[in-house]
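Protein chains get the first letters and strands the later ones, always in sequence-line order, with residue 1 at the start of each. What you see is a predicted model; the values in this text were computed from it and never measured.
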Amino acid sequence: MISFYNTLSGEVEEFKPRLAGQASLYTCGPTVYDYPHIGNYRAYIFEDLLKRFLLFSDFKVTHVMNITDVDDKTIRGANSLGMPLYEYTKKYTEAFFEDIKTLRILPADYYPRATEHIDDMVRMIKGLLDKGYAYIKDGSVYFSLAKFPDYGKLSKINKDELKAGARVETDEYEKESVYDFVLWKKAKPGEPVWETEFGPGRPGWHIECSAMSTRYLGPNFDIHCGGIDNIFPHHENEIAQSEAFYGQKFVNYWLHCHHLVVDGEKMSKSKGNFYTLRDLLARNIDPVDLRFFLLSTHYRKMLNFTFDNLEQAKASRQRIIDFLYELEHQSLAEASQPESEPLAAAALTNFKESLADDLNISAALAALFELIRGTNSRLAKSQLSRQAANQVLAAIYQMDQVLAVLPEKKEEELTAEIMKKIEQREQARLEKNFALADSIRQELLQQGIMLEDTKEGVRWKKIK
RNA sequence: GGCGCGGUACCCAAGUGGCUAAGGGAGAGGUCUGCAAAACCUCGAUUCGUCGGUUCGAGUCCGACCCGCGCCUCCA
């Protein structure tokens with residue numbers, strides 16, 4: 001049984017897909033006006049974990065992630081550079097795709113662009129007008145909260161109490177009620193314009209997601225994800241628009257990822273604690289270490305990014321890598337008869353059950369590390385056969401289908417020059433010329449190659 | 001004001017009523033090794049923000065309080 005915490009109910013619920021063995025998934029994608037920051041990637045990596053786990057559990061997953069390529073920020077960005085909107089967003093869209101590949105995030109099945117689905121949005125807005133859920137005022141179209149009594153069921157916000165303390169929006173558009181939200185913004189100079197029967201203009205942000213999600217997944221689908229800050233108003237508004245238009249429940253399971261903070265504070269450019277993936281790559285951070293770090297805290301818990309915490313994650317991941325190397329390169333005796341490896345089977349079961357419990361990644365990783373410790377212990381006592389070792393390896397590579405944090409199978413190559421140095425050092429060691437051996441080792445370390453002398457011979461690994 | 005999250009060892013972090021409070025990192029001692037690294041063994045919270053309460057029994061439930069944080073504006 002797989003369970004998830006559903007923001008809608010506020011409880012952990014058993015996941016019951018609409019269609020057995022299939023899951024439809026919509027995740028809020030990037031607004032392509034800048035390079036995404038690592039907080040954005042925390043959300044995308046959480047969604048990747050969710051998706052990989054569903055795939056691992058033999059679900060067929062249909063995943064849609066939108067690309068918001070028309071909104072205030074993209075328009076402002078393009079205009080400030082005097083660049084066509086398309087050209088401007090293209091740059092950041094490409095950067096996004098590059099980043100998710102770097103972070104080993106599985107691609108979605110569909111990446112609908114808002115600008116390519118204006119028709120779908122217009123159709124919905126028209127329908128909402130016809131049904132009386134929306135009204136036109138001063139050339140813009142608004143959704144009327146008063147017509148949708150269920151408003152607030154996701155965020156638990158009582159619309160009658162949306163008041164005191166909260167800053168009241170001073171919008172340049174005229175609406176009947178300050179909390180009504182815009183579906184269609186009337187044309188303004190310098191902004192892209194689409195002609196419609198309710199006037200020229202461009203779509204509001206919320207309608208983009210409603211139109212694109214239901215276009216690909218149908219009016220009712222299984223899972224919708226996003227950051228915790230999207231609960232209100234974005235997702236609340238999506239529910240209102242979609243359920244008003246289709247007359248049925250929109251999303252069955254809402255999963256929200258908590259924020260990433262840096263040094264205990266919300267990231268912001270002015271505080272100087274704002275990082276994009278590119279910033280970290282420039283500091284020689286291994287993106288897979290970042291992936292492991294972002295992955296290794298439960299998605300509903302606030303995660304504090306610090307370079308120290310990232311180092312801890314790196315060391316933790318290195319332990320897995322070292323273990324695999326050890327197991328793959330040890331010469332082990334063949335078992336006299338076929339045997340099954342109980343440690344591996346138990347670990348895999350624990351791993352799976354932990355993730356099935358609202359993606360309890362900590363418990364899942366504990367299962368992995370217990371397997372490593374248990375196997376290492378037997379290895380040290382020479383109680384491990386080749387067959388058993390292979391079963392452990394197989395179990396770990398299976399877990400990595402979900403985690404995606406292990407190095408690529410293919411061995412990295414060293415330059416001939418470095419290989420020669422390693423041989424020279426081996427020769428020096430044979431001749432007991434340890435001073436020379438140590439100096440060569442030190443020299444290679446400077447170049448980022450660490451040598452370890454094992455019983456099976458010298459081993460090297462690249463360090464950063 | 002409303003809605004919500006968190007406070008478990010030096011750091012990160014599981015655990016939501018019941019054997020000795022997971023796991024990782026860092027640290028200490030030992031084994032192995034020319035040394036180093038890796039690995040293994042051992043050590044490490046009588047205690048879970050504070051104070052009360054419920055219970056045979058609470059980190060886990062209830063109440064109050066303290067501290068930190070988020071959202072309530074088209075921020076993942």
Using the closest heavy atom to pick a nucleotide of RNA chain B for each, name whichever of A/Leu303 or A/Arg441 lands nearer the 5' end.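 The residue mapped nearer the 5' terminus is A/Leu303.
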Can you work out whether A/Gly374 or A/Ala366 has the more 5'-proximal nearest nucleotide on RNA chain B?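 So the residue in question is A/Ala366.
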Given [options], identify the nucleotide with an atom nearest to the side chain of [X].
X: A/Lys156; options: B/A14, B/C35, B/C3; result: B/C3
X: A/Ser362; options: B/A22, B/G34, B/G6; result: B/A22
X: A/Gln312; options: B/G7, B/G25, B/G34; result: B/G25
X: A/Arg319; options: B/A14, B/C40, B/G34; result: B/C40
X: A/Ser377; options: B/C41, B/G25, B/C3; result: B/C41
X: A/Asp453; options: B/C75, B/C35, B/A37; result: B/C35

Tell me what [X] touches on the nucleic acid: a base, only sugar-phosphate, or nothing, going by heavy atoms under 4.0 Å.
X: A/Thr297; result: sugar-phosphate
X: A/His298; result: sugar-phosphate
X: A/Gly39; result: base
X: A/Leu379; result: nothing
X: A/Asn40; result: base
X: A/Arg429; result: base
X: A/Phe369; result: sugar-phosphate
X: A/Leu368; result: nothing
X: A/Arg373; result: sugar-phosphate

Please give the distance between the [atom1] atoms of [N] and [M] as a whole number of Å.
N: B/G49; M: B/C66; atom1: C1'; result: 7 Å
N: B/C19; M: B/G24; atom1: C1'; result: 25 Å
N: B/A26; M: B/C43; atom1: C1'; result: 15 Å
N: B/U8; M: B/U47; atom1: P; result: 16 Å
N: B/G17; M: B/C61; atom1: C1'; result: 8 Å
N: B/G15; M: B/U54; atom1: P; result: 29 Å
N: B/A22; M: B/U60; atom1: C1'; result: 15 Å
N: B/A14; M: B/A9; atom1: C1'; result: 14 Å

Please report the distance, rounded to the nearest Å, between [atom1] in [X] and [atom2] in [N].
X: A/Tyr151; N: B/C72; atom1: OH; atom2: P; value: 12 Å
X: A/Leu310; N: B/A26; atom1: CG; atom2: P; value: 14 Å
X: A/Gln442; N: B/G34; atom1: CD; atom2: C1'; value: 17 Å
X: A/Leu359; N: B/A13; atom1: CG; atom2: P; value: 17 Å
X: A/Ile361; N: B/A22; atom1: CD1; atom2: C1'; value: 15 Å
X: A/Arg300; N: B/A14; atom1: CZ; atom2: P; value: 10 Å
X: A/Leu295; N: B/G24; atom1: CG; atom2: P; value: 17 Å
X: A/Phe307; N: B/G25; atom1: CZ; atom2: P; value: 21 Å

Assess whether a salt bridge exists between A/Asp322 and A/Lys461, defined as any Lys/Arg side-chain N lying under 4.0 Å from an Asp/Glu carboxylate O.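 Yes, this pair counts.
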Is [N] paired to anything, Watson-Crick or G-U wobble with both distances less than 3.5 Å, and if yes, which nucleotide?
N: B/C56; answer: B/G18
N: B/A9; answer: none
N: B/U50; answer: B/A64
N: B/A38; answer: none
N: B/C43; answer: B/G27
N: B/G4; answer: B/C69

ring-ring contact (aromatic ring centres under 6.0 Å, His included) with A/Tyr133: which residues, sequence neighbours excluded?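 Residues passing ring-ring contact (aromatic ring centres under 6.0 Å, His included) with A/Tyr133: none at all.
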Does A/Asn309 make a side-chain donor-acceptor contact with the base of B/G25, cut-off 3.5 Å?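 Looking at the base of B/G25, it does not pair with any donor or acceptor on the side chain of A/Asn309 (distance under 3.5 Å).
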Under-3.5 Å donor-acceptor pair between A/Glu370 side chain and B/G23 base: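 Absent.
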Could you tell me whether the side chain of A/Leu290 reaches within less than 4.5 Å of the side chain of A/Val288, counting heavy atoms only?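 Sidechains of A/Leu290 and A/Val288: no contact.
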Report yes if the side chains of A/Lys186 and A/Arg202 come closer than 4.5 Å at any heavy-atom pair, otherwise no.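 Contact flag for A/Lys186/A/Arg202 side chains = no.
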Determine whether the side chains of [X] and [Y] contain a donor N or O and an acceptor N or O closer than 3.5 Å.
X: A/Lys51; Y: A/His63; answer: yes
X: A/Ser210; Y: A/Gln241; answer: yes
X: A/Glu326; Y: A/Gln330; answer: yes
X: A/Tyr33; Y: A/Asp69; answer: no

Anything under 3.5 Å between a protein N or O and an N or O of nucleotides 67-71 of chain B, put it in a table, one pair a line.
unit_1: B/C71; atom_1: OP1; unit_2: A/Lys266; atom_2: NZ; d: 2.1

Could you tell me the separation between the CZ atom of A/Phe4 and the SG atom of A/Cys225, rounded to the nearest 0.5 Å?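 If I round to the nearest 0.5 Å, the distance is 8.5 Å.
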Would you say A/Lys153 has more than 12 foreign heavy atoms packed within less than 6.0 Å of its NZ?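 For A/Lys153, atom NZ is crowded (more than 12 foreign heavy atoms under 6.0 Å).
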OP1 or OP2 of B/A14 under 4.0 Å from side-chain N/O of A/Asn360: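 Answer no for this pair, as no side-chain N or O of A/Asn360 is under 4.0 Å from OP1 or OP2.
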Is any side-chain nitrogen or oxygen of A/Lys301 closer than 4.0 Å to OP1 or OP2 of B/A14?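 True: A/Lys301 side-chain N/O within range (under 4.0 Å) of B/A14 OP1/OP2.
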A/Tyr44-A/Tyr41 aromatic ring centre distance below 6.0 Å: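 Centroid distance A/Tyr44-A/Tyr41: below 6.0 Å, so yes.
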